[in-house]
Number of protein chains: 4
Amino acid sequence: MQARTFTGSGRRAQIVTAAIEVIAEVGYAKASFSRIAKHADLSSTGMISYHFAGKDDLLTACVAEIEQVTGAFMQPRIDAADGHVARLRAYVESNLALVGEHPAAVRALIDIVKNAASQSPAVNGRLAVFEEHFRSGQAAGVFRPFDVRTVTIALITGLDAVVVTAADTAPEPTELARLGRELADLYVRATALDPEGGSA
Amino acid sequence: MQARTFTGSGRRAQIVTAAIEVIAEVGYAKASFSRIAKHADLSSTGMISYHFAGKDDLLTACVAEIEQVTGAFMQPRIDAADGHVARLRAYVESNLALVGEHPAAVRALIDIVKNAASQSPAVNGRLAVFEEHFRSGQAAGVFRPFDVRTVTIALITGLDAVVVTAADTAPEPTELARLGRELADLYVRATALDPEGGSA
Amino acid sequence: MQARTFTGSGRRAQIVTAAIEVIAEVGYAKASFSRIAKHADLSSTGMISYHFAGKDDLLTACVAEIEQVTGAFMQPRIDAADGHVARLRAYVESNLALVGEHPAAVRALIDIVKNAASQSPAVNGRLAVFEEHFRSGQAAGVFRPFDVRTVTIALITGLDAVVVTAADTAPEPTELARLGRELADLYVRATALDPEGGSA
Amino acid sequence: MQARTFTGSGRRAQIVTAAIEVIAEVGYAKASFSRIAKHADLSSTGMISYHFAGKDDLLTACVAEIEQVTGAFMQPRIDAADGHVARLRAYVESNLALVGEHPAAVRALIDIVKNAASQSPAVNGRLAVFEEHFRSGQAAGVFRPFDVRTVTIALITGLDAVVVTAADTAPEPTELARLGRELADLYVRATALDPEGGSA
DNA sequence: CATGAATGAGAATTCATTCAT
DNA sequence: GATGAATGAATTCTCATTCAT
């Protein structure tokens, strides 16, 4: 059922893997074809241009690959959670746990997202999932009424920033878990219904 | 009395202004000396190198200039607020309001911060102010106990992202005010003490 | 069998040749990538950067190429000479004869040597060969005892200067031969044992 | 009688002094107006262009100044020597002794001479003095007959090279004296008449 | 399919010189 | 006289892309 987001030929996969590692190491801005080719033990950058239509194409492939990997890690944890609030918490916590498993992928993804035009599909995809979650949660009466788009932007980028910070310092799994709980607490409180007995 | 944080000679100021506008327009990554020189009606990029020791120096000057401008707008509004919570709200709301006044400055600053090394003074300065505010608020018993650093990172970057989004769409002042209130609500709730009567 | 000290691909060789000629013409200091590219009919300096890691790399390749050429000319003449003194003479004379055969190579090499840091391998290599020759000659009792290093420096640079001067005026082979004899005489006398019957 | 080789106004002298020090430090090639201005505590390079017609003019002034200084040191020592051979020896030895007194001046002069066009007056001046000395010595029958020009070039540049090497290592005065004697020995032997009893 | 050489635009920086004040 | 801002050409190097083999 799963559409093949996979990178096709061996060469493509090899290049994508190298690109992700390079982006994670030196950042999006400095991830030139040269550097990626060198990292992938390719003798020339022509190779990359041959397999990808351009830098955007390569980046898209990287994002797809990363989402494959991160999805495989996070999705089961999110699915195991019951209810909108628990799923929000599971998202945040599994995202931080992910840092311990695939630090390069995480760092690369966030760096790409940060630098990509905000209209890019990758960015919008992540936003859309969150927005939908909040909207249905509001409909179900478990999230307070707030401007879904604005809150989504704030929370996702905040989460990204914490994840990047964590990835930079490579902390212990227990510390990652703590950060996840901290942030999940923050987000749950931020979106929770007002206490019912409140006079306001 | 105020030491001149101002950009010194006329030319320097002109270049800084142009640089800010260019960064706001095309982004940090593409803000080359060429582009800035063209924007500032300078005949050569050598001009810029003459007035600034390098790209870092120019960027630092830009940040200083922007902080001058934004501080002048936001500080009085923050100072007018009473108490930690109100000040947090004032910060968020005046930051959004600022978008209507100085969209280029806002966009440029955030782009610089995003791309600068996280150790840069500009970044750390903003974080430090927030952290201190949260810490004293916790001591005063108006914020719940949370990991100040983690929460600060999440909230500041979230705010930045909303601000950038707002700057991109150039909404009416009333819409900006609404966004400010939305986000302030979010942050106030996220950091508020638990209701005292709570059974949990 | 001889490992290829040769310049590898055709382009590299072409660039090295052009570089040597340019250095010979305008001197080390003014031998920019631009000039070399123009001389080699390359459309851009990027070409050179593509084939060589930097200016040092190109220069090293030039030196290797020149030493290849000059060695092929001088070595047989030196080897044909018998004894330390005759070999010293053969070195000096064949070096001046070389000017008639490869004036550009000779001029370029000396210019590079002059401007390179004195620690560069090219410089040290030439010195080492001479020093070893003097030392073994002293041990064999055919050269008087002198400070080998100091004398070597003086004689090599003196030889270089005469060679360059000769290269500048492009004299007849017979004139080159005469200059060679003159200088060889000078050096042989300078290093010869004192006459045995000398009272001093 | 001595024409005023002195640098005229205070500013000129200041610039010349700085230029000499900069050339001695970083070499002729990297001795830009910027660097010299900085070294001289001038706020702009325009100052230099104002006082000197161009780089050549400044260099000429440097050479004149250096020759003033070195002449003041060497000339008395040379004049004190009796006879052509002794004067040759005195020249060489005092030149090496000079390294201990004015290392910057020595280094700068040689660097300028090395890089200047061989037709420059500075270069020719030094050669002419030597040539004249050798010629009159030959006429007086104290030097053997040799090609004066060729030998002069070889010996002067050899001397320069040893001097530079010495200047780089900044040895003790006694070591400088030893080097001077070594080289003087070399040159005296190289130019000496054949032993009279020789059958040739 | 794959390669690696070629391309040409663009990057930041340094340079000697000029010129209005 | 003196200044320092301005100039524009030149420097090495990197970039993404193209193309013939």
Side-chain angles (χ1 to χ4, degrees), chain A residues 9-12 14-15 29-38 42-59, chain B residues 8-12 14-15 29-38 40-58, chain C residues 8-12 14-15 29-38 40-58, chain D residues 8-12 15 29-38 42-59:
Chain A
S9 78
R11 267 289 194 255
R12 273 182 71 95
Q14 177 192 1
I15 293 170
K30 305 203 153 180
S32 68
F33 278 17
S34 283
R35 242 181 266 257
I36 295 168
K38 207 162 293 170
L42 300 177
S43 57
S44 109
T45 66
M47 192 73 267
I48 303 177
S49 287
Y50 177 77
H51 283 285
F52 297 90
K55 208 167 188 182
D56 285 351
D57 191 25
L58 172 56
L59 253 14
Chain B
S9 78
R11 262 296 192 251
R12 269 182 74 94
Q14 179 192 358
I15 293 170
K30 307 206 150 181
S32 68
F33 277 17
S34 287
R35 240 183 267 256
I36 295 169
K38 208 162 291 170
D41 274 320
L42 299 177
S43 56
S44 84
T45 67
M47 249 316 6
I48 302 178
S49 285
Y50 175 76
H51 283 285
F52 297 89
K55 209 166 188 181
D56 285 352
D57 191 26
L58 173 55
Chain C
S9 77
R11 258 302 189 247
R12 269 182 75 94
Q14 179 193 357
I15 293 170
K30 307 205 149 180
S32 68
F33 277 17
S34 287
R35 240 182 268 256
I36 295 168
K38 208 162 291 170
D41 274 320
L42 300 177
S43 56
S44 84
T45 67
M47 252 309 14
I48 302 178
S49 287
Y50 174 75
H51 283 286
F52 297 89
K55 208 167 188 181
D56 285 351
D57 191 26
L58 173 55
Chain D
S9 78
R11 268 287 195 257
R12 272 182 71 94
I15 293 170
K30 305 204 153 180
S32 69
F33 278 18
S34 282
R35 244 183 266 257
I36 295 169
K38 209 163 292 172
L42 298 178
S43 56
S44 109
T45 66
M47 193 72 269
I48 303 177
S49 287
Y50 177 76
H51 282 287
F52 297 90
K55 208 170 187 180
D56 286 350
D57 192 25
L58 172 56
L59 253 14

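These numbers come from a predicted model, not from an experiment.
Contact between the side-chain N/O atoms of A:R11 and the OP1/OP2 oxygens of E:dT3 is found at a separation under 4.0 Å. Put simply, B:H51 has no side-chain N or O that comes within less than 4.0 Å of OP1 or OP2 on F:dA5.
For the pair A:A37 and A:I48, the tightest heavy-atom approach, listed with the atom from each and the gap, is N-CD1, 3.9 Å. The shortest non-hydrogen separation linking D:D57 to D:R12 is OD2-NH1, 4.5 Å. Of all heavy-atom pairs spanning B:I36 and B:I15, the tightest one is CG2-O, 4.1 Å.
In this structure, CD1 of D:I15 is placed 11 Å from C1' of F:dA2, rounded to the nearest angstrom. Distance CG (D:L42) to P (F:dG1): 16 Å, rounded to an integer number of Å. Following rounding to the nearest Å, A:R12 (CZ) and E:dC1 (P) show an atom-to-atom distance of 11 Å. Between the CD1 atom of B:I48 and the C1' atom of F:dA5 there is a distance of 15 Å, given to the nearest Å. Distance C:R35 CZ to F:dA10 P: 9 Å, rounded to the nearest Å. Atom NZ in C:K30 sits about 11 Å away from atom P in F:dA10, given to the nearest Å.
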### Message
Give the dot-bracket line for DNA chain F from 5' end to 3' end: parentheses for intra-strand Watson-Crick or G-U pairs under 3.5 Å, square brackets for crossings, | for inter-strand pairing, dots for unpaired.
### Response
.||||||||||||||||||||
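Summarising the geometry, atom OH belonging to C:Y50 is positioned 6.0 Å from atom OG belonging to A:S44; distances are rounded to the nearest 0.5 Å. One distance of note links NE2 of C:H51 with CG of C:L42; it measures 8.0 Å at 0.5 Å rounding.
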## Note on the structure
Counting primed atoms, P, OP1 and OP2 as sugar-phosphate and everything else as base, the B/S/- map of nucleotides 16-21 of chain E against protein heavy atoms under 4.0 Å is SBB---
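Residues forming a side chain to side chain contact (heavy atoms under 4.5 Å, CB included) with C:S32 (at least two apart in sequence, or on another chain): C:S34, C:R35. In this structure, the side chain to side chain contact (heavy atoms under 4.5 Å, CB included) partners of C:K55, at least two apart in sequence or on a different chain, are C:F33, C:L59.
Rounded to the nearest Å, the gap between the C1' atom of F:dT21 and that of E:dC1 is 12 Å.
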